[in-house]
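These figures come from a predicted structure and were not determined experimentally. A note on names: the letters A, B, ... follow the listed sequences, proteins ahead of strands, and every chain is numbered from 1. Below, all heavy atoms of this structure are taken into account, side chains as well, without hydrogens, waters or symmetry copies.
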Number of protein chains: 2
Amino acid sequence: MRKRYASSTDVARLAGVSQSTVSRTFRGDSRVSPEARNKVMEAAQKLEYRPNLLPRIMLTQQSRLVALVVGKMHNPFYARVLERFTKRLQEMKCQVMLAHVDSDDALDAVVPRLSGYRVDAVVSALSVLTEAAADQLIELGVPVISFNTHMRKKGLYTISSDNAPAGREVARHLIAQGAQRLAYLGGPEFNPANVDRRTGFVEEARAHGFEPVLSNDEFSFEGGARQAVRVFAGPNPPDAAFCGDDLIAIGALDALWHSGRPLADPLRIVGFDDIPQAAWAPYQLSSIQQDEEVMIDHALRILDDWYAEAEMPEYLNLLVPGKMVIRRSSVSGIQFPGSHC
Amino acid sequence: MRKRYASSTDVARLAGVSQSTVSRTFRGDSRVSPEARNKVMEAAQKLEYRPNLLPRIMLTQQSRLVALVVGKMHNPFYARVLERFTKRLQEMKCQVMLAHVDSDDALDAVVPRLSGYRVDAVVSALSVLTEAAADQLIELGVPVISFNTHMRKKGLYTISSDNAPAGREVARHLIAQGAQRLAYLGGPEFNPANVDRRTGFVEEARAHGFEPVLSNDEFSFEGGARQAVRVFAGPNPPDAAFCGDDLIAIGALDALWHSGRPLADPLRIVGFDDIPQAAWAPYQLSSIQQDEEVMIDHALRILDDWYAEAEMPEYLNLLVPGKMVIRRSSVSGIQFPGSHC
DNA sequence: TTGTAAGCGTTATCAA
DNA sequence: TTGATAACGCTTACAA
């Protein structure tokens with residue numbers, strides 16, 4: 001049989017005080033005499049007492065547990081968000097309960113547990129939060145904070161990069177650099193972040209008299225590779241592409257690299273997310289940096305308000321501007337191995 | 001005031017049955033009549049009843065909560081382990097409590113919370129688990145499972161790649177490819193994984209009459225960049241290097257790339273971890289693949305045994321063989337842009 | 001098959 | 001400053 005933890009009652013008995021005094025001591029309640037405190041601490045030490053937080057949760061209706069629902073962590077952008085967010089939550093005395101969800105089935109299995117542990121809030125960093133998934137989380141009855149989604153729903157608070165203006169900025173930049181034939185290599189067709197990035201890009205391009213080639217696939221390296229093969233197959237391939245995220249951009253470049261296909265020279269590429277790999281020497285990829293710190297700040301503020309029992313808005317759709325980071329890939333263009341021979 | 005969840009008592013009242021019947025219904029206890037079950041489910045639906053797991057934890061001394069303690073998630077290898085592990089734990093009906101720890105202070109803050117929530121076990125994917133940190137986790141009184149550490153301590157179960165033989169294999173491979181001047185670019189000098197990889201490599205090299213140049217720094221891109229500058233500075237630089245992990249290898253390559261320094265041709269490189277980026281076109285990096293699935297299997301078996309209240313060994317140090325993945329970087333060597341002109 | 005009642009380890013209220 | 005005592009929402013004998 002498993003060894004039981006010592007309880008505050010055990011400590012109280014050994015210290016010769018009441019259980020309430022032990023409780024007060026450990027919560028830092030001022031109304032404890034120094035002598036009592038000493039006796040308690042000594043007994044606690046002897047018994048290796050670890051205060052149990054669970055009864056407190058039941059009594060106060062507050063767990064300080066925040067669920068973080070993630071999908072694909074192979075994207076370094078999400079790994080970074082997860083790391084920072086966890087750190088910040090710990091600083092505000094919350095713990096993260098991680099839930100990995102790669103299908104709606106997985107969500108079915110996980111949601112009852114999240115409610116069972118009485119998480120105070122759910123944060124979704126799922127790249128695609130479908131409407132059904134959002135509903136399921138909202139039914140938990142706790143605030144749902146979601147990154148890079150935008151839906152107007154009671155109980156849903158979204159925080160997104162301002163994708164459309166970023167797309168427009170990329171179009172202007174590529175055109176200013178002298179691009180003639182534009183392309184957009186995107187994520188899943190109806191993914192909201194993808195839609196906004198593409199729309200901004202396409203609209204701005206059209207305003208300048210260009211009609212970009214459009215393509216979509218997964219947000220991933222492989223998705224980029226597949227699209228590159230399709231988009232750059234023709235006789236007069238694009239000489240500039242905006243990619244839905246950096247992994248797509250890098251996957252596309254690698255595919256072109258391998259294909260040995262004749263390409264426009266220079267070929268200019270811009271990605272999105274500004275993952276660390278974008279700065280790596282062979283890519284030197286221009287990208288839109290999402291301001292994760294500000295996005296996380298917003299999320300924490302919403303949580304704070306909720307903990308303070310402040311009046312919460314029914315829903316919220318916050319936009320955070322991205323910042324364009326210009327590197328070689330969109331200026332002098334991609335250097336293929338040996339391309340300058 | 002925060003809205004309270006419905007309790008099983010509320011459901012019982014509405015359904016006109018006893019609270020125990022509600023409890024039995026939700027635990028799938030067979031001793032409930034179909035009529036009772038129906039009434040209960042109906043009432044539960046109406047009240048949006050979500051069973052609370054916390055009292056159960058208190059009663060059964062089992063939370064099915066596993067703490068995952070992570071350090072640097074910017075390493076894609078750890079991100080992948082985290083993702084897989086979380087998924088597998090969910091499949092065995094456990095939830096992950098994530099703890100981000102980047103200093104011993106952070107550990108002090110986090111440990112009392114982990115015990116407070118009564119986690120059943122702690123899994124550490126910290127790249128360096130110092131002895132002090134290990135002790136702190138062990139004092140929680142729950143099993144501690146740690147990756148790529150090796151310490152013999154009661155309550156500590158370690159699972160590591162078998163680093164030394166991997167190092168030896170790399171030495172043999174590079175020598176067989178025709179390398180003349182070997183180098184090892186490593187992680188922190190006393191990190192156990194680093195020590196083993198280096199030792200295996202150096203011993204085998206010496207057995208073949210080679211004396212590698214040694215260097216160390218962080219396990220990171222920047223660490224690799226810094227080491228490359230030092231190691232390849234001399235007049236007769238190494239023509240083959242084994243790197244403590246793939247990020248070091250890639251950082252080193254990028255630094256050399258930028259430096260424009262005259263280098264051995266071919267220059268052969270091998271990394272460790274086989275992160276997805278190792279396969280990217282400009283690098284084509286040979287690497288040692290850690291068999292994470294098997295490592296995770298071991299960890300889950302330990303957990304399973306513990307849940308089954310099986311007799312646990314005092315400690316355990318498991319080794320999992322790595323597998324060498326050979327790519328261009330160690331055969332024809334690294335191609336610098338334009339190097340084949 | 002159902003209900004009663006005693007815990008689990010805290011917090012919070014009220015007297016002392 | 002202390003100690004009783006009633007919750008919190010379940011699980012689990014035990015009785016009916």
Side-chain angles (χ1 to χ4, degrees), chain A residues 1-40 43-44 47-65 112-113 115-120 141, chain B residues 1-40 43-44 47-65 112-113 115-120 141:
Chain A
M1 190 49 194
R2 179 164 297 134
K3 187 185 75 189
R4 285 252 316 283
Y5 284 90
S7 71
S8 57
T9 311
D10 299 331
V11 175
R13 190 167 23 235
L14 182 60
V17 298
S18 72
Q19 183 273 333
S20 327
T21 299
V22 177
S23 174
R24 280 191 278 258
T25 304
F26 275 88
R27 272 175 304 132
D29 193 312
S30 57
R31 309 167 302 179
V32 182
S33 66
E35 308 88 72
R37 160 167 275 113
N38 284 340
K39 284 190 290 185
V40 167
L47 297 175
E48 299 189 302
Y49 170 61
R50 320 259 166 203
N52 187 339
L53 292 177
L54 306 181
R56 188 215 305 265
I57 299 174
M58 292 173 55
L59 292 170
T60 61
Q61 310 288 332
Q62 195 186 101
S63 64
R64 300 205 77 85
L65 240 28
R113 284 196 236 149
S115 67
Y117 290 110
R118 292 298 191 254
V119 300
D120 288 337
Chain B
M1 192 48 196
R2 178 165 299 134
K3 188 184 72 188
R4 284 250 318 280
Y5 284 90
S7 70
S8 56
T9 312
D10 299 332
V11 175
R13 190 165 25 233
L14 182 60
V17 299
S18 74
Q19 183 271 331
S20 343
T21 298
V22 177
S23 173
R24 281 190 277 257
T25 304
F26 276 88
R27 272 173 305 131
D29 193 312
S30 56
R31 310 167 300 180
V32 184
S33 66
E35 309 88 72
R37 160 166 274 113
N38 284 340
K39 284 190 289 185
V40 167
L47 297 174
E48 299 189 302
Y49 170 62
R50 320 260 165 203
N52 187 339
L53 292 177
L54 306 182
R56 190 216 302 267
I57 299 174
M58 292 172 54
L59 259 13
T60 61
Q61 310 289 331
Q62 194 186 104
S63 63
R64 299 206 77 86
L65 241 28
R113 283 195 236 148
S115 65
Y117 290 110
R118 293 297 190 254
V119 299
D120 288 337

Sorted by chain and residue number, the side-chain contact (heavy atoms from CB on, under 4.5 Å) partners of A:L47 (sequence neighbours excluded) come out as A:A6, A:D10, A:V11, A:L14

Terminal axes of the helix from C:dT1-D:dA16 to C:dA16-D:dT1 (5 end pairs apiece), angle rounded to 10 degrees, sit apart by 40°

Sorted by chain and number, sequence neighbours left out, side-chain contact (heavy atoms from CB on, under 4.5 Å) with B:Q62 holds for A:R2, B:T60, B:R64, B:D120, B:Y307

(request) Find out whether A:I57 and B:Y117 are in side-chain contact, i.e. whether some heavy atom of one side chain is under 4.5 Å from a heavy atom of the other. (result) yes

Note: A:R37 and A:T25 closest approach over all heavy atoms is NH2-O, 3.8 Å

Taken to the nearest whole Å, CD1/B:I57 to C1'/C:dG7 is 17 Å

Contacts satisfying ring-ring contact (aromatic ring centres under 6.0 Å, His included) that involve residues 5-24 of chain A (not counting sequence neighbours) are none

When rounded to whole Å, the CG to P distance for the pair A:D10 and C:dC8 reads 10 Å

Taken to the nearest whole Å, CZ/A:F26 to C1'/C:dT10 is 13 Å

Does the side chain of B:R118 reach to within under 4.5 Å of the side chain of B:M58, using non-hydrogen atoms? no

Between CG of B:N38 and P of C:dT2 the distance, given in whole Å, is 11 Å

Hits for side chain to side chain donor-acceptor pair (under 3.5 Å) against A:S18, two or more places apart or cross-chain, chain-then-number order -> A:T21

Rounded to whole Å, OH of A:Y5 lies from C1' of C:dT10 at a distance of 16 Å

Touch check for B:R56, heavy atoms < 4.0 angstrom, all strands: base, sugar-phosphate only, or nothing?
sugar-phosphate

Notebook entry, point to check: Taking OP1 and OP2 of C:dT2, is either one under 4.0 Å from a side-chain nitrogen or oxygen of B:S33?
Noted result: yes

State whether A:R27 places a side-chain N or O below 4.0 Å from either non-bridging phosphate oxygen (OP1 or OP2) of C:dA12.
yes

When rounded to whole Å, the CD to C1' distance for the pair A:Q62 and C:dT11 reads 13 Å

What protein N or O atoms touch nucleotides 3-5 of chain C N or O atoms at under 3.5 angstrom, if any, and at what distances?
residue, atom, partner, partner atom, Å
C:dG3, OP2, B:S18, N, 2.9
C:dG3, OP2, B:S18, OG, 3.0
C:dG3, OP2, B:T21, OG1, 2.8
C:dG3, N7, B:R24, NH2, 2.7
C:dG3, O6, B:R24, NH1, 3.3
C:dT4, O4, B:S20, OG, 2.8

Contacts of B:V32 and A:N52 projected onto DNA chain C by closest heavy atom; the upstream (5') one is B:V32

**Request:** Would you classify A:R4 as touching base, sugar-phosphate or nothing, given that sugar-phosphate means primed atoms plus P, OP1 and OP2, and contacts are heavy atoms under 4.0 Å?
**Result:** sugar-phosphate

Between B:S63 and B:V119, the two heavy atoms sitting closest are OG-CA, 3.7 Å

Taken in chain and number order and not counting sequence neighbours, the residues that satisfy side chain to side chain donor-acceptor pair (under 3.5 Å) with A:R113 are B:Q95

Nt span of DNA chain D in reach of chain B heavy atoms at under 4.0 Å, 5' end first, is D:dG9 to D:dT12

Residues at least two apart in sequence or cross-chain that pass side-chain contact (heavy atoms from CB on, under 4.5 Å) with A:S8, listed by chain then number, are A:Q19, A:V22, A:Y49

In whole angstroms, the gap separating P of C:dG9 from CG of A:L47 amounts to 13 Å

Value for OG (A:S115) from CG (B:L53), rounded to nearest 0.5 Å, stands at 7.5 Å

Sorted by chain and residue number, the side-chain contact (heavy atoms from CB on, under 4.5 Å) partners of A:D29 (sequence neighbours excluded) come out as A:R24, A:R31

